Structures are given as structure tokens and as C-alpha cells.
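Keep in mind the model is a prediction, meaning the values are calculated, not measured.
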Amino acid sequence: MTLILGLESSCDETAAALVTGERRILAHRLAGQEAAHRPFGGVVPEIAARAHVEMLTPLVAAALDDAGIALDAVDAIAATAGPGLIGGVMVGLVTGKALALATGKPLVAVNHLEGHALSPRLADPELGFPYMLLLVSGGHCQLLFVEGVGRYRRLATTIDDAAGEAFDKTAKLLGLGFPGGPAVEQAARAGDPRAVPLPRPLIGSQEPHFSFAGLKSAVLRARDAGLHRAEDIAASFQQAVVDCLIDRTRRALAVSPRATALVVAGGVAANGAVRSALQRLAQERDIPFSAPPLWLCTDNAAMIAWAGCERYREGLIDTLDAPARARWPLDPTAEKARGAGVKA
Amino acid sequence: MRTLAIETATAACSVALLDDDRVLADLHEVVGRGHAERLVPMISELPDGGRADRIVVDCGPGSFTGVRVGLAAARALGLAWGVPVHGYSSLALLAAAALDEAGAPDRVAAALIGGHGELFVQSFAASPFRPAGNLASLKPEEAAAATSEALVIGSGAQSLIDARRTGGARDILPRASDVRHLPAEFAALAATPIYGRAPDARPQA
């Protein structure tokens, strides 16, 4: 039995988890920082890094306690090595390296995006390669053709904001609170998705990519016009995002006949409207739809442990000088999308 | 009693293994920002992979990122080995080493480059070793006005002396093996960062 300890600290969640090769999550501990960042309306990197260094080692100890497992019993230590807020990434990666040194067990330096990309396989034993992945979070919005562990072809990315970023900014504009995703979704339940005419950037475009900056600006104009309830703006905004995601994903599936399933991962995959629209698209294409349970969509360490497990089983281990990386694309060969220099 | 010392609060990445006050091994590199990559490999190059009965680590003040890298490694090793982890102040380490030298003055000010053009500054006195003032983050001219010691040491020493126009500066970075100069109670702090400055963030209006 393979047993992996996973560590996550790349944004505003500090987490540790123990996961087996048989998909058993023996322990998962997570300390969120929402309260610390809420007064600032977004994640403050220095505040996040300060919290990670306080929390991570106690969470590792607690996870081992929960599982009743000694550190020496793990086969490898998997830690997020990027991409993300570099101060936090360093805390998690160095913690993982020190644990690996002390135990003599290998280090697996995990790409946080690969953690999301493989997380559906932790939840769904039936999910094999290759699959079409919509990776949609606060920092990313990409369509990836997943051929295997470590083998990703990026078909589309955002040319400006990530979808989750658009949710956060919309929540801020409408005064709905932080974090923005759940706040907008909740407000949208009480609103009419057809009430406010909002643009659907790039829908129908021959270009494969996403764009959400114009949508955010339209939300600002709608708010300032003073003609609409916040709930109606939230619902119309959410519908516009769903329409964009579905149009782009449909296009990617049309050019990827080998995809055996449609998969969604990342924080925005926790959004109910996004999930059900993707499920309908999968039905329309007659392929299975797979989405991790909600708690596995947002940042967590179980997905890092699982990605570590998948990599460890393929012999993909790392040395103790593995770099902490603020940017780390899953498909480094992907053509640069216009405007996407930073987030691609 | 074996002690592993971890020093990453400045541009130096420095580790040492000591047996009581005797230095068994000492590795010191100026890495700038590369602590997350170099620190653990350097510890692994020490005898027995740095294995010790206790760990002491620089808690700052200094580079916020560097301090966190050192603490993350120290705490993780402490957990894995089941040994205690304690902290010390970067400025106290510099001062204790300087005051222990033959012919040293009986007081010294330590100054490290901080953020926003400020210096982390604190004065210390010898026999017995003790702080002679509080830690502060100050502009060089404020630091110059706040210190009277003729000798100023650390990465911020020169800019303090340039502002004060009297006294001598010694531009040195803290070194892990210098923990042997620290009296025990100065290497027994809680293993948690001494930032010396609040995060740069303002709440929304």
C-alpha cells in the first residue's frame, strides 16, 4: 500500500493530508484564513505567508494523529512547489523537504494545478485517461487535454482574468463579501439570470480562449446604473460565466474526439450552476462527467497527496533543491495566448 | 548535547552542527533569495544529515521570507526527530559574536537592512550580555539618532554610519555557528517569527 503525506500552502489555505494509493483519505486537516483576509477584500500574500508558517507543522502533527500513523510509515512526502503566492509555497515546500530529509523518504514536488487536474481521479476510480479538463479557479481558467500523469496539452486559457477572479471582483463590486464565489452563488439564487444584459466575451470565437475582464466591467456599469438589484446582477453575471465556460468547453470537445470524459476541477467547480451546465454538456456529447466532491474542488492537501501518489508510482520524485515556483504552467509548450503572459 | 543551528534571516544561508560549544561542521553561503532551494540540501550535507538533540533557529528580524524558510525547516525537523526547537534574535546573534571578540567594546549596535528603506536596529551590552535598548525598525537617520555605540555591525551598519557620520561600520551577515556566543537564555525564544514590522496591507475603506 502506498501512503503519501501531502502539504498545501500556495494561497490562503494551509493543509496536510494522508492519502493511500487505494484512494483512501486517512486524514485531512485544513486551516482557512478567510477571517484574516476579509478586512482587505482579498488575499494579502504577506498575511497568508505568516499564517502558513504558524499552522503547517501543527496540521501535519494533527493529521498523523488523526490517522494513528507514524511519520516514518509514509512512502513519500508530497508538497506543493508552485504555482502560487511564493512566500506560502516556500513554507510548504521547505517543510516537505525537511520532513523528507529527516525520514529519508522521497520528496515529490507537486504542481498545484496538477493536484487539481488529478483530483477527480481520487474521487472517481473509473476515471481513466485521456480526459478533457476544465480547470477553473481564482488564479486559472484553462481547458486541458489530460493524456496521463504529467502529460497535459493546454487547449485554451484566459486572456485576462480567471473565472474565479471575476467572481471575487463581482462580489466586491456588489458588496457581497469575501470569498466571492460562494457569495455570488448565494445571491444569484434570489436573482433573475435574464434581468441584466451582460456580454459573453469570445463566445463563438474561432480563438479557443476565455475572457472575463469585459464582463467584470459590465458588472460595474450595471451596478452604477442603479437600475438592478444586486441579486439580479449576481444571477446574470453567473449565467454569463456559465455560458462562456460551456461555449469554450464545447468547442474544445469538438476538436478532441479522443476525450473519454469531461472533468471539472478547481475552486469554481464548487459552483452548482457551473457543475450542472457541464453535466448537461457531457450528456449532450454522450461522455461521462466527473467532478470531485465540493471540498476537493477548493484548495486542500488531499489532492496534493494524491497527485504525489500518482507521480511517486511513476517514479517521478524530486531532489531536495527543487525550486519553489510562483509560475509553473502545466503545459510549458503551449502557445502563448494574447494578453495571457502572466497567467498562462 | 548536539545542536543544529539554522540561520536564514538575511542573504546568508548558514547551518552548523555543534556539540555543546564545539563547532562540528559549519556551512555558510550568501544565496540572496535562494534559501528555499539551498537550506535543506545544506543541512543534509552536515554530519548525520544534521541530526541533533535540539534545534535553534533565527526568528528574525530580517527577511520575512528567509525567516519563514528557516522556521519551516526547523519546525519540520523538530517534529520528525521529536526534538525541541527554539529561536534566537538575528541582532542578538550578531552582537553576541562581536562582543565576544578580543578587544571588543562593551557596547555595540546591530543593524540589518529591513523593508521600505528602514533598518532593524538594537543595541547590546557585554558582561553580562544583554540588550541595551528595544528592537526598532527605523529610517537610517532615525537609527543614527537613536544609537550612540561607536561600533555598528550588520548589513545596515554602513547606511547607519553614513547617516550619523561618526563611528565604525562592520558589514557582516549572521552566521549559524555563532550561536555558541549566545548565552543560553538568548537561544531559548519561542520558535515563531520576530517580524519587527506589520504586513504592508491596508483594510478596505
Side-chain angles (χ1 to χ4, degrees), chain A residues 5 7 9 36-61 64 70-72 74 77 79 81-82 86-105 107 109 172 175 178 319-325, chain B residues 4 6 8 13 15 29 31 33-46 48-52 55 57 59-60 63-83 85 87 115 190-205:
Chain A
L5 170 65
L7 310 176
S9 60
H37 298 289
R38 189 171 291 120
F40 305 93
V43 177
V44 181
E46 177 61 21
I47 290 175
R50 290 183 177 199
H52 288 307
V53 78
E54 291 301 330
M55 295 308 302
L56 186 54
T57 309
L59 289 174
V60 171
L64 291 166
L71 184 59
D72 287 338
V74 307
I77 319 282
I86 195 68
V89 170
M90 285 184 186
V91 167
L93 179 60
V94 170
T95 298
K97 288 177 177 184
L99 293 175
L101 170 64
T103 55
K105 301 297 169 73
L107 170 78
K172 207 164 167 174
F178 172 84
T319 50
L320 295 179
D321 62 353
R325 302 164 72 162
Chain B
L4 169 65
I6 297 176
T8 53
C13 188
V15 297
E29 295 177 12
V31 301
R33 293 166 170 271
H35 304 95
E37 288 72 34
R38 278 303 290 145
L39 175 61
V40 179
M42 284 171 72
I43 296 170
S44 77
E45 289 160 25
L46 294 170
D48 306 326
R51 183 71 202 241
I55 301 168
V57 58
C59 291
S63 150
F64 294 171
T65 301
V67 164
R68 282 191 287 263
V69 165
L71 274 163
R75 287 174 163 202
L77 292 171
L79 173 70
W81 291 337
V83 302
V85 181
T192 193
I194 303 167
Y195 288 114
R197 228 162 35 82
D200 297 326
R202 295 241 163 77
Q204 287 177 300

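- Residue contact with chain B, scored on non-hydrogen atoms closer than 4.5 Å, involves the side chain of A:Leu71 exclusively.
- Ion pairing between A:Lys97 and B:Glu37 fails under the 4.0 Å rule for side-chain N and carboxylate O.
- For a residue to count as touching a neighbouring chain, one of its non-hydrogen atoms must lie under 4.5 Å from one of that chain's; by this rule B:Thr65 touches chain A with the side chain only.
- The two atoms that bring B:Ala72 and A:Val94 nearest to each other are CB-CG1, 4.2 Å, heavy atoms only.
- Residue with the most contacts toward chain B among A:Thr95, A:Leu64, A:Leu93: A:Thr95 (heavy-atom pairs, distance under 4.5 Å).
- Proximity to chain A involves both the backbone and the side chain of B:Arg75, based on heavy atoms less than 4.5 angstrom apart.
- The shortest heavy-atom contact between B:Ile43 and A:Leu101 is CG2-CD2, 3.7 Å.
- Looking at B:Ala191, there are no atoms closer than 4.5 Å to chain A (heavy atoms on both sides), in backbone or side chain.
- Annotation: maximal heavy-atom pairing with chain A below 4.5 Å, among B:Pro199, B:Ala80, B:Ala36, occurs at B:Pro199.
- Distance CG/A:Asp321 to CE/B:Met42: 13.0 Å, rounded to 0.5 Å.
- With a threshold of 4.5 angstrom between heavy atoms, A:Ala322 approaches chain B through N, CA, C or O but not through any side-chain atom.
- Of the atoms belonging to A:Val44, it is side-chain heavy atoms, and not backbone ones, that fall under 4.5 Å from chain B.
- With rounding to the nearest 0.5 Å, the separation of CG in A:Leu99 from CG in B:Leu79 is 6.5 Å.
- Residue contact with chain B, scored on non-hydrogen atoms closer than 4.5 Å, is absent for A:Leu56.
- Note that CG of B:Leu77 and OG1 of A:Thr103 are 10.0 Å apart. Values are rounded to the nearest 0.5 Å.
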Checklist entry - Passes salt bridge (charged side-chain N to carboxylate O under 4.0 Å, His left out), A:Glu46 versus B:Arg68? Steps please. => result CA-CA 11 Å; A:Glu46 177 61 21; B:Arg68 282 191 287 263; 3.0 Å; yes
